[in-house]
Amino acid sequence: MSTIWFVDTCSLINMEASPNLGGTIRAGLQGQTVIVLDVVVNELNNPAPEVAHWAQAAVSNLAWTQTWNLNQYADATDVEYWQLQVADGRPLAYPLQHWAEAGILAVVEALDPKYKAVLLLSDDNMARDKAAEAGCEEGKSPYATAVSSVRYLYERVQRGTLLAADALLMAEDLHKAKRCPEFDLADFTAATPAGLGNWGRPW
Amino acid sequence: MTETVTRRTPRRRSVGNQPQVSWSEVGRRIKALRAERNLAAKVVAGALGLDSPKMTKIESGERKLGPIELGNLAALLNVAPGYILYGPQEPNLTLAARLAEGENLGSLRSRAVDVLRLEEFLGAATEVRAPRSTPEGEAALRDVRETFPAKPRTRDEAARQGRKAAAIVREHLGLGDNPVGDLPELLEMNFAVDVVIAPLGDASGGLCAQSDDRAVFVASSAAERGRVRFTLAHELGHYVFGDPRSIIDEQSGHGEGHELEDRRVDAFAGAFLLPEAAIVRYMTWRGATRENTLVNSATSLRAVADLADKYGLSIHAVAVGLAIRGMTPSANDLLDAVRALPPAQRAGTYSSGMRSDEVRSPERLLDAAVAAAAARRTGTGPLSVLMNRDDRDALYDEYVGTAAVDAASAALLDVAFESGQ
């Protein structure tokens with residue numbers, strides 16, 4: 001079964017905000033197909049000032065991924081459609097809110113059927129909610145789902161490939177960088193990701 | 001690096017009715033937006049990394065915009081990508097479009113626009129009931145408008161008309177002299193209006209906006225509770241008298257020439273929420289005679305606080321009602337005297353003077369948002385807008401129910417994590 005990961009802007013920034021998290025994810029996804037869309041690179045090149053240093057580091061640290069051109073897979077109307085779906089009825093806070101994530105969802109929707117398991121590594125919780133909708137053919141089970149970087153750690157802990165204490169340290173890095181709320185050890189060892197709140201969704 | 005593209009069969013989209021894009025219209029819009037911002041075509045082309053001939057082709061509709069170009073253009077022109085593709089996404093005559101006109105809308109108008117625009121999004125996902133009135137509400141509107149076809153000419157006439165209209169509406173709705181319980185619900189049910197309440201910063205006053213098929217009242221709950229109800233009753237006054245203005249925005253002022261209408265709807269609001277007969281009966285029962293009310297006796301003051309609470313009005317509004325009836329020489333003095341009572345004697349929901357911070361959206365939209373979220377046709381976004389809340393977890397739990405672990409998602413995670421380890 002062919003698996004493919006798409007990584008979004010926020011996750012790449014968080015992987016720089018916590019170098020341990022970045023290293024863990026890179027090592028965990030080694031050997032798999034990991035895609036960063038050019039629209040994500042574009043966002044990293046035009047970051048908000050408060051994350052500029054992490055964004056810059058992320059751009060120079062993309063060798064572990066493949067870059068795909070969004071234009072190749074989706075047109076402008078597809079991306080705009082997904083932008084509104086991710087916004088889910090909320091007014092856009094700024095014109096390009098969710099734009100890169102919408103680009104990923106448009107690609108997921110159009111992806112080659114050879115990919116049976118499509119994963120979004122996304123720290124935009126609203127975009128994650130739409131992964132299964134984008135990756136689902138009429139009448140079939142979804143071929144796509146999504147995890148946040150914290151949920152990624154949770155899944156590794158659940159599978160015994162990462163210690164909960166190490167996962168917590170990385171989550172604390174993100175919390176100290178004001179990138180996520182505070183979690184505790186039990187959130188990573190619990191039977192469901194409910195303790196992670198929005199960062200655990202979708203289940 | 002890009003792999004050879006073999007796309008999946010496009011599936012029918014289940015949510016949203018995407019309009020058709022006209023690239024020549026897109027080109028015209030870009031040109032107009034560029035002109036508004038005093039940006040030369042060459043400058044825009046440079047910012048997008050295009051040469052001038054390509055920019056010309058885009059503006060003439062001969063060349064489509066790719067998603068990256070559209071994103072860059074939207075950022076440069078500071079408009080949503082959807083605006084560049086489709087223009088204003090609602091007919092110019094709709095209420096939301098009219099409310100959104102101009103800059104610095106103010107918090108009341110902005111809130112109304114957000115809620116009204118949500119209806120279109122929800123309508124693509126689920127059935128949204130149209131606003132409906134009751135025969136009693138329609139009869140009340142007809143009766144008031146036929147009784148008072150002209151504007152008042154004097155202050156006294158304005159006050160008389162307001163009080164009489166309130167009595168007409170009360171009679172049609174069968175309210176007698178009783179307190180009005182859930183005022184927003186009464187307005188939505190009987191008069192087919194949408195009622196929106198939210199703590200809108202320092203916004204004061206209210207908003208009444210109407211078109212042929214829609215009306216919306218907005219009030220800020222940053223004001224004290226009784227004031228919020230008075231504001232809504234005031235907006236109802238504008239509506240029942242058939243005020244021809246499509247947008248009456250008290251936050252930005254009524255403009256000149258509407259003082260008498262304003263006085264009329266204030267009288268309407270006071271009498272609608274607290275009929276004169278109710279004041280007399282209640283004060284008499286409490287032993288608050290005209291004589292001891294005039295001297296602000298403790299008995300009268302407590303009765304005033306309780307009356308305010310019972311009828312859901314601020315003490316100020318009750319004091320004004322008593323002053324109009326000659327039961328107190330000064331509404332302000334009476335207000336000060338009641339406020340000086342020990343807290344336990346004026347600590348009711350309304351008479352305490354506390355702000356409510358209530359958030360309320362039209363019931364029909366809330367019903368649709370819950371239905372759409374429960375059916376997974378939307379997320380909690382519409383609920384988040386309607387309830388003015390960002391706590392998505394709690395919204396899920398309160399309105400949708402805690403999600404079960406999705407088996408399909410769990411299977412995909414198993415595949416992905418096993419192939420990675």
Side-chain angles (χ1 to χ4, degrees), chain A residues 1 3 5 28-29 31-32 38-39 42 46 66-81 83-85 87-92 95-96 99 103 106 109-113 116-117 119 125-126 129 132 137-138 141-145 147 155-156 159 161 192 197-198 202-203, chain B residues 1-16 18 21 64-72 74-75 77-82 85 113-114 117-118 121-122 369 378-382 384-385 392-393 402-406 408-413 415-421:
Chain A
M1 189 178 275
T3 304
W5 287 80
L29 300 187
Q32 300 198 57
D38 53 356
V39 68
N42 211 15
N46 296 282
Q66 300 175 32
T67 304
W68 281 8
N69 299 324
L70 175 57
N71 287 352
Q72 190 90 13
Y73 294 86
D75 64 30
T77 57
D78 297 327
V79 182
E80 194 269 345
Y81 170 84
Q83 184 190 31
L84 295 189
Q85 296 312 306
D88 197 26
R90 298 171 182 87
L92 294 174
L96 292 192
W99 188 248
E109 189 183 32
L111 206 57
D112 189 315
K116 306 295 184 193
L119 274 293
N125 59 46
M126 288 150 76
D129 273 352
E137 289 170 293
E138 198 78 21
S141 278
Y143 55 81
T145 190
V147 291
E155 294 296 332
R156 292 280 304 268
R159 285 165 173 77
T161 60
T192 74
N198 284 338
W203 287 18
Chain B
M1 177 176 147
T2 301
E3 68 167 29
T4 310
V5 179
T6 310
R7 295 188 180 197
R8 286 178 196 264
T9 310
R11 66 191 169 78
R12 190 170 55 83
R13 281 175 172 157
S14 55
V15 179
Q18 223 177 350
V21 66
K64 292 181 181 181
L65 284 169
I68 299 284
E69 290 162 352
L70 176 61
N72 290 341
L77 299 172
N78 195 30
V79 292
L85 289 177
V113 168
D114 287 349
R117 282 188 173 155
L118 189 63
F121 181 82
L122 280 170
T378 68
T380 53
S384 170
V385 172
R392 300 171 73 233
D393 278 348
T402 305
V405 174
D406 180 65
S409 176
L412 290 170
L413 288 174
V415 169
F417 279 85
E418 277 159 23
S419 52
Q421 305 312 313

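Sequence lines set the chain letters: A, B, ... in the order given, protein chains first and strands last, and positions in each chain run from 1.
- With chain A as the partner, the residue from B:Ala80, B:Gly71, B:Ala411 showing the most heavy-atom pairs under 4.5 Å is B:Gly71.
- Residue with the most contacts toward chain A among B:Ala75, B:Gly66, B:Pro81: B:Pro81 (heavy-atom pairs, distance under 4.5 Å).
- Ring geometry for B:Phe417 against A:Trp5 counts as perpendicular: the plane angle is over 60°, on a 0 to 90° scale with 30° as the lower cut.
- Contact of the A:Trp99 side chain with the B:Leu70 side chain is registered, since non-hydrogen atoms from C-beta on lie closer than 4.5 Å.
- Every residue meeting the side-chain contact (heavy atoms from CB on, under 4.5 Å) condition with B:Ala408, not counting sequence neighbours, appears here in chain and number order: A:Pro142, B:Asp406.
- No side-chain donor-acceptor contact under 3.5 Å links A:Asp38 and A:Asn71.
- Taking the side chain as every heavy atom from C-beta outward, A:Asp75 and A:Glu80 never approach each other to under 4.5 Å.
- With a threshold of 4.5 angstrom between heavy atoms, A:Asp129 approaches chain B through side-chain atoms but not through N, CA, C or O.
- Using a 4.5 Å cut-off between heavy atoms, B:Ser384 touches chain A through its side chain atoms alone.
- When A:Ala87, A:Gly89, A:Gly31 are compared by the number of non-hydrogen pairs under 4.5 Å with chain B, A:Gly89 comes out ahead.
- Contacts between B:Leu413 and chain A at a heavy-atom distance below 4.5 Å involve backbone atoms as well as side-chain atoms.
- Of the listed residues B:Val385, B:Leu77, B:Val21, B:Leu122, the one with more heavy-atom pairs under 4.5 angstrom with chain A than any other is B:Val385.
- Between A:Thr145 and A:Pro202, the closest side-chain pair of non-hydrogen atoms falls below 4.5 Å.
- Of the residues considered (B:Leu118, B:Leu65, B:Val79), B:Val79 shows the highest number of contacts with chain A, using heavy-atom pairs under 4.5 Å.
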